[in-house]
K.L.:
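Pasting a structure here, questions to come.
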Protein chains: 2
Amino acid sequence: MKQITIVGLGLIGGSLALALRGFEDYEVVGAVRSDETMRIAAARGAADRLTKDIKAAVQTADVTILCAPPQGIVALLQEYKDDFKPGSLVTDVCGIKTAVMEAAKVLPASVDFIGGHPMAGRETSGMAHAEKEMFRGAHYLLTPEKTSTPEHIALLRRMAMYLGCRDVVETTPLQHDELIAYTSQVMHIMAVAVCDDPDLFSCRGFEGNSFRDCTRVAALDVPLWTQLFSMNVDALCKMIRRLEENLKSYREVLEAGDTKRLAEKLTYSANRKRQMNLE
Amino acid sequence: MKQITIVGLGLIGGSLALALRGFEDYEVVGAVRSDETMRIAAARGAADRLTKDIKAAVQTADVTILCAPPQGIVALLQEYKDDFKPGSLVTDVCGIKTAVMEAAKVLPASVDFIGGHPMAGRETSGMAHAEKEMFRGAHYLLTPEKTSTPEHIALLRRMAMYLGCRDVVETTPLQHDELIAYTSQVMHIMAVAVCDDPDLFSCRGFEGNSFRDCTRVAALDVPLWTQLFSMNVDALCKMIRRLEENLKSYREVLEAGDTKRLAEKLTYSANRKRQMNLE
């Protein structure tokens, strides 16, 4: 029997530990530091086996999945760099990839590190909120190295399908971080910015689905997102600036009372949205 | 038997015509202009009776619900002002209220006009897309006049409950338009502004739920929203400006590389979001 070790059973690691059980001929091992997480993971039936000996769990693993915030991943790579089994696959689940791929350079050449990012999450954290169905319908992004083996990429693809993901998208760390700044990070900055409006609490009873949907992600995990934003600051700021400009452009047409131009702009944007969904 | 006449069977009017059947001892009459809408409404079983004689349908109605974009409501009020049954209730379903309440001043004193706004919608339009369950869980906003009768307000409340609404919120036209600029109109402007980003089509495969949720409403009904935005331009521009400032404030903290301040700001905003949901 082969072995997958998941290091860290938070929201994402814990969900993987629930969802990966039964995957091919792999034993799923959950490796954690805290007794409390161990207790909850055991009660919820996460992984086939749980251990607090991360080093040993990594040494025997054919696949190691590092599940932590970005700086935690960097620290884990440094701490266990000499313990990963030669020829094994090491991956992560982190929402930024350039900094992680850079940190993975500490690994010996015998270890195949492929960056991973399943695009799923909730406005909660910890093993207690982990869900087996977390990854259903999500894109699973991969940033392989030139030296990554086709076998390991294929294995991650099968794993993503077993999790119920929509598809697997291979990309470069740079493209990943640029596009994620737009599709994910700016959505979170928008959500918190909307909640800073002085009218937030007065608007109870006046909110519809668009408000509920746009602000949903504002109740974010602060330490995690502080790291994700800070470690992708150039791409993120570029995208925020573009959004500010697009908002200003709508505001100026409104202030000018130019109804014809407003209708043209709305037609342009709405068509882009429709085209985005259809193609 | 009493009579409710719904004038206009588009997405919202059509949904009302489907959902109001069986409400107390009211016959639901759908009054439309186009043969095509009449045909679809008949095929879908909307209303108890359909007619193209709007004038007659209004003259015998105890309750008239005007369902049209804002300028359409203004035109209907003008056209049928002398036809509404004395003592009857007239209401609308329009997303802005100051301009509608102003237009309703053409009505004789014998008619009780109460502004209405069920906060529901879809990224589609027309009778063909109407849904019986459209209003499930939605707030139903009312802007009664000082002269409105308690009986008519109570009737609209029972109607909203019959539709499956979450609650009924009474407000003033001015407060309605200010808060709706924030909770609904800015969410739509944000969604279209996000779709104007040059990276929109490159980001296929990189979008998660936050992106899908925030841009959902961008595929909007352009003529309708051009009117809604244009007829509430002061409140809307004030709210867009505030959002621009809140985004800029986050961007500046990011650009300064001030991680501590970033974590503080995120804590503040995320707590506001959590408080908003809990109270």
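So that the names make sense, note that chain A is the first sequence line, chain B the second, and so on, each numbered from 1. Keep in mind the model is a prediction, meaning the values are calculated, not measured.
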K.L.:
For chain B, find which of A:G121, A:A263, A:S230 contributes the most heavy-atom pairs closer than 4.5 angstrom.
P.N.:
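Option with the greatest count: A:A263.
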K.L.:
Do you know which two heavy atoms are closest between A:H139 and B:G205, and how far apart they sit?
P.N.:
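Heavy atoms of A:H139 and B:G205 come nearest at CG-O, 3.1 Å.
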K.L.:
Compare every heavy atom of B:E255 with every heavy atom of A:C237, then report the nearest pair and how far apart it is.
P.N.:
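Reported closest heavy-atom pair: SG-CG, 3.5 Å.
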K.L.:
At a 4.5 Å cut-off on heavy atoms, which part of A:L179 comes close to chain B: side chain, backbone, both, or neither?
P.N.:
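Side chain of A:L179 only, per the 4.5 Å heavy-atom cut-off to chain B.
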K.L.:
Can any side-chain N or O of A:T183 pair as donor or acceptor with the backbone N or O of B:F206 at less than 3.5 Å?
P.N.:
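Here the side-chain-to-backbone pair exists.
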K.L.:
What's the separation between atom SG in A:C203 and atom CD in B:Q175, rounded to the nearest 0.5 Å?
P.N.:
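Rounded to the nearest 0.5 Å, the SG-CD separation comes to 10.5 Å.
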K.L.:
Would you call A:L247 and B:L247 a side-chain contact if the rule is heavy atoms closer than 4.5 Å?
P.N.:
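Answer yes - side chains close enough.
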K.L.:
Tell me, out of B:D196, B:V169, B:V222, who's got the most heavy-atom pairs with chain A below 4.5 Å.
P.N.:
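Between B:D196, B:V169, B:V222, the count favours B:D196.
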K.L.:
Would you say the ring centroid of B:F211 lies under 6.0 angstrom from that of A:Y182?
P.N.:
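Here the rings of A:Y182 and B:F211 have centres that are less than 6.0 Å from each other.
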K.L.:
Contact part of A:D167 toward chain B, heavy-atom cut-off under 4.5 Å: side chain, backbone, both or neither?
P.N.:
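Neither part.
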K.L.:
Considering non-hydrogen atoms only, spot the tightest contact between A:S269 and B:C195 and give its length.
P.N.:
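In this case the closest contact between A:S269 and B:C195 is O-CB, 4.0 Å.
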K.L.:
In terms of heavy-atom pairs under 4.5 Å with chain B, which of A:I180, A:T171, A:V217 leads?
P.N.:
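The residue among A:I180, A:T171, A:V217 with the greatest pair count is A:T171.
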K.L.:
Can you tell me how far apart CD (B:E264) and OG1 (A:T226) are? Round to the nearest 0.5 Å.
P.N.:
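Those atoms lie 10.0 Å apart.
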K.L.:
Under a 4.5 Å heavy-atom cut-off, does chain B meet the side chain of A:L141, its backbone, both or neither?
P.N.:
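Just the side chain, heavy atoms under 4.5 Å.
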K.L.:
Is A:F229 in contact with chain B via its backbone, its side chain, both, or neither, using a 4.5 Å heavy-atom distance?
P.N.:
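Interface part for A:F229: both.
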K.L.:
Counting heavy-atom pairs under 4.5 Å to chain B, which of A:L220, A:D197, A:V186 comes out on top?
P.N.:
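The candidate making the most pairs under 4.5 Å is A:D197.
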K.L.:
Contact part of A:V233 toward chain B, heavy-atom cut-off under 4.5 Å: side chain, backbone, both or neither?
P.N.:
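For A:V233, side-chain heavy atoms alone lie under 4.5 Å from chain B.
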K.L.:
Restricting to side chain to side chain contact (heavy atoms under 4.5 Å, CB included), what partner residues turn up for B:E102, sequence neighbours left out?
P.N.:
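Checked B:E102 against side chain to side chain contact (heavy atoms under 4.5 Å, CB included); matches are B:K105.
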K.L.:
Report which part of A:V192 has an atom under 4.5 Å of a heavy atom belonging to chain B: side chain, backbone, both, or neither.
P.N.:
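When you check distances to chain B, atoms from both the backbone and side chain of A:V192 fall under 4.5 Å.
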K.L.:
Is there a side-chain contact between B:L262 and A:W225 in this structure, where contact means two heavy atoms from C-beta onward sitting under 4.5 Å apart?
P.N.:
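No, too far: nothing below the 4.5 Å cut-off.
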K.L.:
What residue in A:P198, A:G137, A:A120 has the most heavy-atom pairs under 4.5 Å with chain B?
P.N.:
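Heavy-atom pairs under 4.5 Å are most numerous for A:P198.
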K.L.:
Does any backbone or side-chain atom of A:R166 lie under 4.5 Å from a heavy atom of chain B? Answer side chain, backbone, both or neither.
P.N.:
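Looking at A:R166, just its side chain touches chain B.
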K.L.:
Under 4.5 Å from any heavy atom of chain B, what part of A:H188 do you find: side chain, backbone, both or neither?
P.N.:
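When you check distances to chain B, only side chain atoms of A:H188 fall under 4.5 Å.
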K.L.:
Can you name the nearest heavy-atom pair linking A:E207 to B:M119, along with the distance?
P.N.:
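Result for this residue pair: C-CE, 3.9 Å.
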K.L.:
Could you check B:Q275, B:K273, B:M276 and say which one makes a side chain to side chain contact (heavy atoms under 4.5 Å, CB included) with A:L200?
P.N.:
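The option that passes is B:M276.
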K.L.:
Do B:M187 and A:D213 come within less than 4.5 Å of each other through their side chains, counting heavy atoms only?
P.N.:
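Not in contact.
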K.L.:
Taking A:T259, A:D221, A:L266 one by one, which has the highest count of heavy-atom pairs under 4.5 Å against chain B?
P.N.:
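The answer is A:L266.
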K.L.:
By a 4.5 Å heavy-atom criterion (distance strictly below it), what part of A:P223 contacts chain B: side chain, backbone, both, or neither?
P.N.:
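Nothing of A:P223, per the 4.5 Å heavy-atom cut-off to chain B.
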K.L.:
Is the shortest distance from a Lys or Arg side-chain nitrogen in A:R242 or B:D199 to a carboxylate oxygen in the other one below 4.0 Å?
P.N.:
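The answer is yes: the pair qualifies as a salt bridge.
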K.L.:
Measuring only between side-chain heavy atoms, which start at C-beta, is B:M190 closer than 4.5 Å to A:V194?
P.N.:
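In short, these two side chains touch, coming nearer than 4.5 Å.
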K.L.:
Is the number of heavy atoms from other residues, nucleotides or ligands under 6.0 Å of A:D234 CG greater than 12?
P.N.:
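Not buried by this count: 12 neighbours or fewer within 6.0 Å.
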K.L.:
Identify, with sequence neighbours excluded, every residue that meets side chain to side chain contact (heavy atoms under 4.5 Å, CB included) alongside A:S249.
P.N.:
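In terms of side chain to side chain contact (heavy atoms under 4.5 Å, CB included), with neighbours along the sequence ignored, A:S249 is linked to A:K265.
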K.L.:
Quick one: do A:R251 and B:E244 make a salt bridge, cutoff under 4.0 Å?
P.N.:
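Looking at A:R251 and B:E244, the cut-off is met.
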K.L.:
Working to the nearest 0.5 angstrom, can you tell me the gap between B:L243 CG and A:K248 NZ?
P.N.:
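The CG atom of B:L243 sits 14.5 Å away from the NZ atom of A:K248.
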K.L.:
Restricting to non-hydrogen atoms, name the atom on B:S210 and the atom on A:S184 that form the minimum distance, rounded to 0.1 Å.
P.N.:
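Heavy atoms only, the tightest pair is OG-CA, 4.1 Å.
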K.L.:
Report yes if the side chains of A:L254 and B:I240 come closer than 4.5 Å at any heavy-atom pair, otherwise no.
P.N.:
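Yes, side chains in contact.
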